[in-house]
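Reckoned from all heavy atoms, side chains included, excluding hydrogens, waters and symmetry mates.
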Amino acid sequence: MNNMRDTVPTLYIVVPCYNEEEVLPETISRLSDVLSRLVEKRMVHADSAMLLVDDGSHDNTWMVIEEHFRPNPYVKGLKLARNAGHQHALFAGLMYAKEYADIVISIDADLQDDVDVIEDMVSKYREGYEVVYGVRNNRMTDTFFKRFTAQTFYGLMEKMGANIVYNHADYRLLSKRALNQLSLYQEQNLFLRGIIPMIGLRSTEVSYDRAKRFAGKSKYSLKKMLSFAFDGITSLSVTPIRYITGAGLIMSIVSLLVGGYSLISHILGHVVTGWTSLIVSIWLIGGIQLISLGLIGEYIGKIYQESKRRPTYHIEAVLQAKQGLHGNLRESGG
Ligand code: UDP
Ligand code: MG
């Protein structure tokens with residue numbers, strides 16, 4: 001607490017939105033309330049805002065953002081030219097916001113995360129923390145399926161040696177300093193939850209109860225969730241490849257034993273009885289080899305993607321007022 005911060009920071013709340021027309025009006029009104037309360041308490045600067053990132057939605061998300069942009073000084077918009085995916089949309093928003101803000105809080109559009117914790121996060125920042133993780137108290141409001149997959153995921157990640165914060169999603173505060181560090185990570189296979197602990201600045205947690213989605217459906221299907229988990233693991237750890245090497249070693253030892261056994265059987269003259277075990281091992285080894293090839297292929301695919309160094313998102317339009325509330329000149333875009 002010896003490095004308390006005295007200046008009033010400018011806060012940007014970054015919200016990735018993919019087909020969120022149903023929840024967005026409510027999200028905007030709740031976040032506006034939070035922002036005006038914090039401005040009133042002089043905890044954040046009056047230029048603070050929410051940056052709504054439209055991740056190439058197919059519904060009226062961008063129109064909703066434009067509608068609110070005009071009357072509401074707290075609303076800013078960023079429109080991506082195509083669907084870049086949750087992590088990249090969030091990253092685009094963070095990188096944009098860091099030019100305007102001292103601190104950035106990222107939150108999902110669906111109001112599952114308690115917006116009242118934003119105040120606690122800002123307090124923590126003023127106590128001197130650079131990263132504040134929002135952590136869920138429980139998962140009672142999630143479906144059994146979501147809870148089960150999430151727990152399996154965290155368990156696996158931990159075993160694979162990835163250092164991630166338990167029950168923390170993408171609800172967190174990052175200081176400008178943390179954002180500048182984050183901007184150095186130019187990854188195609190982006191998994192922010194895994195990267196941010198690597199930055200290693202002073203961090204803390206605040207906890208809250210996670211609510212149900214306010215409206216609309218989860219944008220993560222089983223397929224998206226599985227690929228998210230798989231990407232998370234393979235972009236943070238090479239342990240799976242080591243497991244394969246281990247499996248290969250064990251298989252080789254087993255095959256030596258089997259070899260000895262067959263030789264003895266041959267000498268003793270009961271060769272035909274070996275047929276079953278032979279067929280079984282051919283299939284087993286074939287399967288293991290295919291899985292191994294697939295997994296190694298996954299990593300090679302990642303190397304391929306990274307080596308192209310393609311931009312991960314494109315900005316199509318920006319809604320940023322020319323003048324901030326308090327008269328300082330702002331960039332306009334779009
Ligand atoms: N999202 C996005 N791009 C996508 C998928 C999702 O920007 O391709 C956003 C979505 O609008 C939401 C957040 O990412 O704000 C998290 O999505 P969702 O709530 O559907 O995920 P869940 O809470 O079910 O894991
Ligand atoms: Mg959600």
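The closest donor-acceptor contact from the side chain of R172 to the backbone of V131 lies at 3.5 Å or more, if one exists at all. Under the 3.5 Å distance criterion, the side-chain polar atoms of K176 are matched with a main-chain donor or acceptor of K98. When atom types are taken as modelled, the side chain of S237 and the backbone of T239 share a donor-acceptor pair closer than 3.5 angstrom. When atom types are taken as modelled, the side chain of D55 and the backbone of G85 share a donor-acceptor pair closer than 3.5 angstrom.
Hydrophobic cluster membership is shared by F153 and M225, with clusters built from Ile, Leu, Val, Met, Phe, Trp and Tyr side chains linked at under 4.5 angstrom. V34 and Y171 end up in the same hydrophobic cluster when Ile, Leu, Val, Met, Phe, Trp and Tyr side chains are linked at under 4.5 Å.
Around atom OH of Y304, no more than 12 heavy atoms belonging to other residues, nucleotides or ligands sit under 6.0 Å away. Environment of CZ in R242: sparse, with no more than 12 heavy atoms of neighbouring residues, nucleotides or ligands closer than 6.0 Å. Atom NZ of K308 has more than 12 neighbouring heavy atoms from other residues, nucleotides or ligands inside a 6.0 Å radius. Heavy-atom contacts from other residues, nucleotides or ligands closer than 6.0 Å to NZ of K224 number more than 12. Environment of CZ in R177: sparse, with no more than 12 heavy atoms of neighbouring residues, nucleotides or ligands closer than 6.0 Å.
Not a single salt bridge (charged side-chain N to carboxylate O under 4.0 Å, His left out) links E66 to another residue, sequence neighbours left out. Annotation: side chain to side chain donor-acceptor pair (under 3.5 Å) contacts of E67 (sequence neighbours excluded): none.
Inspection of the Q87 and D170 side chains reveals an N or O donor paired with an N or O acceptor under 3.5 Å. Neither side chain, E158 nor Y166, offers a donor N or O lying under 3.5 Å from an acceptor on the other. Side-chain contact annotation: T234 with K302, donor-acceptor N/O pair under 3.5 Å present. If you check the side chains of N180 and S183, you find no donor sitting under 3.5 Å from an acceptor. D102 and S175 share no donor-acceptor pair across their side chains, judged by distance under 3.5 Å alone. Side-chain contact check for D113 and Y208: at least one donor-acceptor pair (N or O, by modelled atom type) lies under 3.5 Å.
Taking the six-membered ring for Trp and thresholds of 30 and 60 degrees, Y100 and Y96 have ring planes inclined between 30 and 60 degrees apart.
Both the sub-6.0 Å distance and the 45° axial angle are satisfied by R202 relative to the ring of Y129.
Under 4.0 Å is where a charged nitrogen must lie from a carboxylate oxygen, and between E127 and R5 no such pair does.
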